[in-house]
Structures are given as structure tokens and as C-alpha cells.
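Structure first, then comments.
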Amino acid sequence: MAQEITLGQLRRWLILYADRIIAEEEQLTRLDAAIGDADHGVNMRRGLEKVRERLLDEETQYADVGAFFRSIAMTLISAVGGAAGPLYGTFFLRAATSPHNGERVDLPQFTRMLRFGLDGLQQRGKAHINDKTMVDTIQPAVEAMEAALASGQSLAVALAAAKQAARLGMEHTIEIRANKGRASYLGDRSIGHQDPGATSAYFLFETAVVALSTPVPKE
Amino acid sequence: MAQEITLGQLRRWLILYADRIIAEEEQLTRLDAAIGDADHGVNMRRGLEKVRERLLDEETQYADVGAFFRSIAMTLISAVGGAAGPLYGTFFLRAATSPHNGERVDLPQFTRMLRFGLDGLQQRGKAHINDKTMVDTIQPAVEAMEAALASGQSLAVALAAAKQAARLGMEHTIEIRANKGRASYLGDRSIGHQDPGATSAYFLFETAVVALSTPVPKE
Amino acid sequence: MHSFVNKPGDSIARSLAGMAACYPNLLRVHFDPDFVQRAQPGRAGKVVVITGSGSGHEPLPTGYVGLGMLDAACPGPIFTSPTPDQLLAATHAVEQGAGVVYIVKNYAGAVFNSEICTEELSREGIRARKVLVNDDVAIPEISNRRGLGAAPIVIRIAGAAAEAGRPLEEVVAVSVRAAENARSMGFATNIETLPRSIHALPLGDHTVELGVGIHGEPGVEQQVEGAEEIVERLMQPIVDDLPYRSGDRVLLLVSGLGGTPPLELFLFFQHIYEFLESRGIVVQRRLVGNYLTSLGRGGCTVTLLRLDDELLGLWDAPIHTPTLHW
Amino acid sequence: MHSFVNKPGDSIARSLAGMAACYPNLLRVHFDPDFVQRAQPGRAGKVVVITGSGSGHEPLPTGYVGLGMLDAACPGPIFTSPTPDQLLAATHAVEQGAGVVYIVKNYAGAVFNSEICTEELSREGIRARKVLVNDDVAIPEISNRRGLGAAPIVIRIAGAAAEAGRPLEEVVAVSVRAAENARSMGFATNIETLPRSIHALPLGDHTVELGVGIHGEPGVEQQVEGAEEIVERLMQPIVDDLPYRSGDRVLLLVSGLGGTPPLELFLFFQHIYEFLESRGIVVQRRLVGNYLTSLGRGGCTVTLLRLDDELLGLWDAPIHTPTLHW
Ligand SMILES: Nc1ncnc2c1ncn2[C@@H]1O[C@H](COP(=O)(O)OP(=O)(O)O)[C@@H](O)[C@H]1O
Ligand SMILES: Nc1ncnc2c1ncn2[C@@H]1O[C@H](COP(=O)(O)OP(=O)(O)O)[C@@H](O)[C@H]1O
Ligand SMILES: [Mg+2]
Ligand SMILES: [Mg+2]
Ligand SMILES: [Mg+2]
Ligand SMILES: [Mg+2]
């Protein structure tokens, strides 16, 4: 049972993520001020407040996990803006197209969803590892999930590994030069600053640990 | 002899005045910044640099005292700008129309010239005593000259009295409310600041003492 | 505002040269003394309209030279009125025997200089008349009021009347009527922030200066909560002054001081529009943009002109200048 | 720059409402999702041209809606690209069966959003094409270059071609040619001073940022001595890049970032003009003003478009928008 993720848990995940982004708005904007245009926090907050609002509305029902991810995607696409909005949107939109059945996903399915999402995000953004973008957080995290899955680890262990890899990936962006996005305009002057998108992506894996490894109380 | 003012002395007067204004540019602008538009020093310097240039040019010759004052007036009118330019210009232009003969003026003639100038300035500017303008400096100075003349004082004494009256008039502008010029826009908030035009006018009488009471060396 | 035009004289002359190079079909520039005149002279025998203004208020005055507006404009140094020799030279260049109208913003220097110029012209037998613009309701005494946003409007009315071939006294009369039916007030912002920090700047609790002049003359500092409150504090004194009443038709000019972006100007415009509508004042014509500025200062001036059929007709007549064109 | 449009959403919507109220004969505004379209729809069956842009760059994009330019414009939040639902709604409102061209400044978000939109439209059977504007020579790699001053120019060319009844692929082709023949670079000033102190500010020894973006993206700090030196440092990289050669005919756009007064823009223009003339580059058309801004920032962008007869003809064709009109 605990090896499956319910719609209720996914809902809790995104609500936690929204809370975290709203709390970190200033930090994200400050990071973007250094190497971008000082709006990443504002953009993400605008979008995730909308997400949060929809998820807290008791009326909102989702047919299945795919529908849930599609709904998140559309909200992000229409409300975040900037580069991050369509990228996160594409991530969830493609995740939704991965094979799954019904109102819960198991670890292999969930891992595949993240992989689909990452592939979609990279098709859209053409960014590779070490380009100093959110890909530097998401790709190691997805690879860590895949490795955990291959070696038969539990969901909780897989999520913890993903979070750990995401953090290292995020921190590594400090050391590298940006090749994609607005920070790339700075060339070598982008070195020494943590990428804002890599940072907001880290919170996705950080909140996943809490939200997806434990059951939702009265579900 | 010393009771007459020569063209050479008048020339020295205006050169000294120009030097003084150039040296005081910043102070005049600072005074204007408080209650006007922060340009009185710039305006006066621009005009008096032109005056100085013409006066230092050995070629420049004047038919008589009237022509001298007319020339100063035209330079001030075309180069100072603001309210002060046409006012000082009118002052010298009208001074030039007062009866005089030739290349020197005696104390009665000189005093009358100043009176003519003041009347012209007031016709142009419609300002009266206590309106917080250059009139508050010039009118007491001219009246002091007239009083000195009436009581038979020497030129030197008359000029010293004018300077003293000018200084008191200038300082009195600190205490009063502006009714004319840009400072009048401030209403009561103009109180507490010395009027920039009253200040630049004071230097006219201050430099007159030195320039007009002693003969020009090798003239 | 970081300025590159501060080298006395030279930079302004180069800027004027640039403007003439930018509008070769509309403008000609003359130096020493400086003035700008139409590239194509006005119709023979028409009254000519001229205005002077300190530099730093662009597009006033040079951007208003052209058909239906100014025959010549005399720019002074930054924030300083041009001198009589400029006005005289411009007049000699464009005057056609029917007389000249000077549109003069009510500032001591500008008034004195136009008087000196007019006295000289009367000696030469040229008929010169002066129309005063004194629309700023921030100054209580009417005789002392500054010229503000009404300047381009009165210039336009005079220019249209002159273009229509009206004689000197009629041009003066209708221009005076425009000036008498116009009222303005302005405000300036005091906090300067780099655009990068805009997202971090909280709204509310800002200080603005109400009733400022366009040469940096201070206004009255006020704490305001946002655009709507500023509009209220600007519009009430304007509307009360003439007064503008329900049913009055007006031209509304919202002019930025230079540093306020169009996004904000249209925000103010929207609030102003709602303010006037709620009082039954009908906005028949509108201009929103930088029409009379104060270098790159933040803030704006709002001007109303009460319209009648004649003023409206003159406003709508053909015009072709760098700034206005229809 | 003291801002009043920072209350998320609401202030921008009110500003758009104000703009529509200011130009009732030219513009209609739609909310949720936000877009502005022509008050009079374009000729039946024509290709439509649409662009999105973050707010804060006005008059881009909304000031370019009208005959001979945009059929619709989608403004995003401050400095943030509009979202695909805005583009879709605008497209559905104006598309006439002949297809739609999106003029997209090369920023990741804008590109992604137009792709998402185009994918959706292709499912609906609507032909959508994207034309990238990437003219900023401050970025070495061409594929990564930002869209800057060429945006209004490419929009104009596309709009004129569409207005002339050309089919989708031709509109795209000529717009791409315009984009490929345009190069830009900008600088921003860093010192902010109140206008009151202008007279005290010494010229020289100023720091400017060369190669800035219009969203506050930093450039490279440089000490410069004055307008002439800035112009040299801006123009040489632009001219070298295409390159523009002696005998080339160009359109020159000098656009303020919002906080630089016209007086300075024309000063820069004059220096730029002299720079180009001395290299035999012929300035056939010129625009000087605020055509693409960055809120109230000081500084400007300079853009050259190499002209050929077709591009010149399209540029000169009739146009009627709030910003450009001839
Ligand atoms: N091509 C890309 N692929 C992946 N991520 C990208 C790409 N371009 C930008 N990003 C991410 O987007 C982040 C910036 O997002 P945001 O500030 O919201 O958008 P914008 O740069 O348009 O203002 C960057 O920090 C980076 O992580
Ligand atoms: N009507 C007037 N009569 C006499 N002096 C005046 C009048 N108006 C202004 N002034 C004087 O002019 C001075 C300001 O000169 P200046 O700063 O050069 O002109 P502006 O006010 O046009 O910038 C004031 O300080 C005042 O002394
Ligand atoms: Mg950003
Ligand atoms: Mg002054
Ligand atoms: Mg002045
Ligand atoms: Mg952005």
C-alpha cells in the first residue's frame, strides 16, 4: 500500500510545494535578480497561488492521475509566465501522458511519469545537464529515482535519494556557466550564483518526500 | 577728481562683479534650489562670463557711460536668462537713459543712474520692497546713496552706505514671504531662506566700493 | 536621471541639430541665436505663432513646430527661458506682415523677455501680441499661476486659428479664451528605484509631491495609497477651480513629466476618466503621453480645457508637427 | 522610478482599460485572458499578425495595434511574457482563415509559449507561424540573442505585408528578412538624480552599462566621457556584426528605455547620424523616441535595419496605430 501514491497524496504534494514557493518567493527573486530579471519568485508565486487555490477547493475532482497532472500543467502554463511557466507546464503535461491507471500510481509508474516530464521539458527547452537550469536539479533527481527503482528500494528511499540528488544538482549550478535562459547573457559572469529555476525545482523533490512517503490521514 | 567715476572704473566694477558672481555660483544656485529652480548661479555665471570676456577685450571701446551701460545690459539680456537676466538688463538699460555727459559721471549723476535703473527694474518686474526679490537689496542701497548725496557725503562714503544698506536688505529677505518670482509659489514656506536675486544684487554694491572709490592705476 | 546634456550650450545645440536631422521635412534649425522654424514656411500673409521655453520640457517647444501649430520655437538653456534676441531672430525669420503671437507660460523671465522683445518690435513696426498661459491651480493667486499643461493646448489653438487665416486680434482672442478655460495641476514622485527592483517594491505608503512645477519647484509632500488617491487629490482642485460642471465638454491631457512609463500614465488616465465621468463631465478629446516634461522626472500633469464648438473645431483641424499629426 | 502599477494584475488591467478608453476608435481590450485587438477588424481574409510581450515595454506591444501593424497584442505581467491562453484567445478573436504570424522576441519564455500555442492551433487546423526577433549584438551567440529594437520594426513589416494581402508564407518570408537584416544594442544609465540637481551634476566620469537587456538584465559597466563615446561603443559592434557597409541604406531607430528625455535622445541621434554618415551608411528612415522601453529606466537602444526597395515600400505603406501613424 505505502508503495503506491494516491491522488490525495499528489494533491498534498502540490499544496506543500505551493506553500514552499510562496514562502521562498523573495529568495527566488533575489537569485533571479543576480543573473536574470528578478521575477522568478513573483512568477512562481503567481502560478502556485492559483494551483493552491484550485487544489484547496473541495469541489475540484480529477478523473485520474493523468487528469490531475494535466490540470496542474494548464494552471502553471497560464499563470506562471516567464521561461519557468511553460517549462514546468510542459513537465507536468508530458508526465500526464505516461502510462498509468486510475487514481493511484506505483513507484515504477511514478518514476516513468517523471522521466516523461523531464524528456518533455528538455524537448521544449533544449537544455542539457550543466547548462545551469532546472534540468540540473530534475535530471539527477529522476536518475536517482530510476536507480533506486532498479535496485528494488522502497518509495520512501527512492524519494529521499531523489531529493538528495536534486539538492546536489541545485548546488552545483553555483559553479557553472549558464548556457540557456536569461542568465546565459552574462557568460562567465553567471558563475558563482545559484540558478533560480534549479532552486524552485529542488523544492519539488523536497516536498515530495514528506507528501508522498506517508499516507494522507483521513483518506 | 576722486568724486568722479571714470569709464575705466566702471569697467573694473563690472569685471570685479563678474569675478564675484563666478566665485559665488554654487552658493547662488544653492539658494535658488531651496525656493526656486536651482539655476540662479548658473544663469548669472553664464551671463557674467560673457560680460567679463567683452570687458577684458582691449578692443572694446565705449563712446560714453551710457553706451557702456547699454552694452552691459544687452549682454545680460541675451545671456543670463531666467527672471534675473531681463531684470538686471532692464536695470542697466534704464540707467543708460539717465542724463550724463561723456566718459565720466559724478556722484549725483551716478546716483540718478541707479535710481533710473531701479525704477525701470520695478516697472518691468512690478515688485515692491518686501516682496523678497532683488528690489529688497537695490532699493535700500539706492536710497542710502541718495541720502548720502543729500547730506553732502563723499563718493566713498556714499558707496559704503549703499553696500551696508544692500547687505541689510539682502539679509532681511530671509525673514519675509516671497510675493514675486518663483519663490512666491511656496507661499509661507519661502520664509527662512535668503533670496538668490537679492544676494547676487548685493555683490553689485559690494564690488562697487572697491572698484569705484579708488582710481584705476595706470589710467 | 543621468544626464548627458549638461555641457552648457553645446549639447543642446547638438540635440537641436539631431532633431532637425530627424525631421528634415518638418523642421529647420538656426543657431546663434537658437531657434527652430518650419521647413516649409506657413501660407503667405498669415499671422505667425511663436513660443519660447526652457529646454528639458520636450517635446515643448520644438516638437510643436509645424502646420497648424508653431511657426517657430525658441529653446532656452535647461529650465531657463530663451532670451529676447532669440525671439527677435525667430520673429524676423518667419513674420509675414500680419503680426506675431507669442504664447508665454507665466514665469517672470518668460514674461519679461517677451515684453522686451515686443517693445523692440513695436519700434520696428511689427505687431506683436502676447498670450499668457497660467493654468496651474496649485498656486492660489491667479495672476501668479504658472503655465503648465495648457501650454501645448493654447499653442495648438493659436496655431490652428492662424492657419485658418484669422487676423491677429482674433487669433489672440481665441487663444486667450483657450487659456481662460484651461486648468492644470501636477504631481511628482520622489522615490527613485531601478526597474530591477520593481517587483520588490510594495505599493502603498508612498510619498508624492502634489502641485509641483516643471522646473523642480517643490510641491507639497503627501503620503498616498495609490493611483486613485493621487487622482482624487489632483482632480478635485482642478475641477473646483474653473469650475468644470456636469455637462461640460472637455479636452483631457495627461502628460508625463518624462520618467513615468505609459503603463502608469494610462492607469492614471483611467482613474481620471472615471472621476470625470462620475461628475458628468464629458471627455470629448484626450491625449495621454509625454507632451510637456521635466527632464526624466516621475509624475504627471493633468490639464482640462473646457470645449466649445469653436475650440473643438480648431483642435480638430489638420496638424502636422513631430509630436501631433492628424 | 516610483511605481503605481505594482499591484499584481489589477493595475495592469486598469491601465489597459485606460488605453482602450483613450483610443476608442483604434483599440478594443479583452480581459481574462488579456489582449488588445483592433477596434475595426482587418480586411476579410487577410493574414493576421499578433505579438505578445511583457508589460513595462510600452508602447510595445499594445501601442502597435492597428492598420498596417498588429491585429492583436497580448500584454503579460511586468517584464514577463504572456501565456499561451492569451495568445490563443487573441488568435481566436482575430484569425480569418488565412493564418496567423506570431512575432516573438527571442526569450525562452516567449518562444516556449508561442510553441505551446502553435501546437494547440495545429490541432485546431489553424496555420500558425512564428518569426523570431533576435537582434541584440551584445550576446555573442546568434541563436541566443535577445529581441530588442527590431521588434517594432519586424512587426511593422509583417503587418504591412499582411495588410497588402500577401499569403502566410510571404508574410513570414519578408518578416524573417527584416529580422535577419536588423541589429541592435542598448545601454542604460546607472546614476539616478533628481532633475533639480541637474545643474550641479558634472559631465564626464559617468558609469553606464553597455549591452543591457530591457528586463533589467545587467550589461557591462563602463566609464564613459559623454554621449559621443557611448555612441562609438554602441555603434561599432552593431555595424561590424551584419556588417553594414558603405552604401547600405538603413532605417535607424533610437529608442529610449523610458527615463531618458527627448533632449538626450536627439543628442545621441545626432552622434549616431554622424557616425553612420562618416562610414557612408545612408540613413533613409529614422525614428527617435520611446518605442520599446524598460519602465522608466535611463538609456536607449539603437537599431539598424538594412533596407531594400521591398522593405522600404512596406515601411512606408499606410499605418494607423496609437504610436505610428502616416
Ligand atoms: N531552456 C531552458 N531549459 C530549462 N530551463 C530553463 C531554460 N531557460 C530558462 N530556464 C530556467 O528558467 C529559470 C528562469 O525562470 P523565470 O525567471 O521564471 O523566467 P524568465 O527568465 O523568463 O524571467 C532559470 O533559472 C532556468 O532554471
Ligand atoms: N518680479 C520680480 N521683480 C524683481 N526681482 C524678481 C522678480 N521675479 C524674480 N526676481 C528675482 O529673480 C531671482 C531669480 O532669478 P533666476 O533664478 O535667475 O530666475 P528664474 O526664477 O527664472 O529661474 C529671484 O531670486 C528674485 O530676486
Ligand atoms: Mg526571470
Ligand atoms: Mg532660478
Ligand atoms: Mg530658471
Ligand atoms: Mg521574466
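Excluded from the calculations below are hydrogen atoms, water molecules and symmetry mates; all remaining heavy atoms, backbone and side chain alike, are included.
No part of B:Ala84 comes within reach of chain C, as not one of its non-hydrogen atoms sits under 4.5 angstrom from that chain. Only the side chain of C:Asp85 comes within less than 4.5 Å of a heavy atom in chain B; its backbone stays farther off. Both the backbone and the side chain of C:Ile116 come within contact range of chain B, with heavy atoms under 4.5 Å apart.
Crowding of B:Lys50 atom NZ: a count of heavy atoms from other residues, nucleotides or ligands under 6.0 Å not exceeding 12. Enclosure of atom CD in B:Glu26 is not indicated, since only 12 or fewer non-hydrogen atoms of other residues, nucleotides or ligands lie within 6.0 angstrom. More than 12 heavy atoms of other residues, nucleotides or ligands sit less than 6.0 Å from atom CZ of B:Arg11. Other residues, nucleotides and ligands place more than 12 heavy atoms under 6.0 Å from the CZ atom of B:Arg177.
Taking CD1 of C:Ile78 as the start and CG of B:Asp37 as the end, the distance is 11.5 Å to the nearest 0.5 Å.
Between chain C and the residues B:Lys126, B:Lys180, B:Arg124, B:Arg182, the largest count of heavy-atom pairs under 4.5 Å involves B:Arg124. Counting heavy-atom pairs closer than 4.5 Å to chain B, the top residue among C:Gly213, C:Gly54, C:Pro77 is C:Pro77. Ranking C:Glu141, C:Arg146, C:Glu115 against chain B, the residue ahead of the rest is C:Arg146, based on heavy-atom pairs under 4.5 Å.
The minimum heavy-atom distance between C:Asn144 and B:Ser184, with the atom names listed, is ND2-OG, 2.7 Å. The shortest non-hydrogen separation linking C:Thr80 to B:Val80 is CG2-O, 4.3 Å. Closest non-hydrogen pair, C:Thr83 versus B:Ile77, comes out as CG2-O, 3.1 Å. The minimum heavy-atom distance between C:Pro218 and B:Arg189, with the atom names listed, is O-NH2, 4.3 Å. Closest heavy-atom contact between B:Gly125 and C:Phe112: CA-CZ, 3.6 Å.
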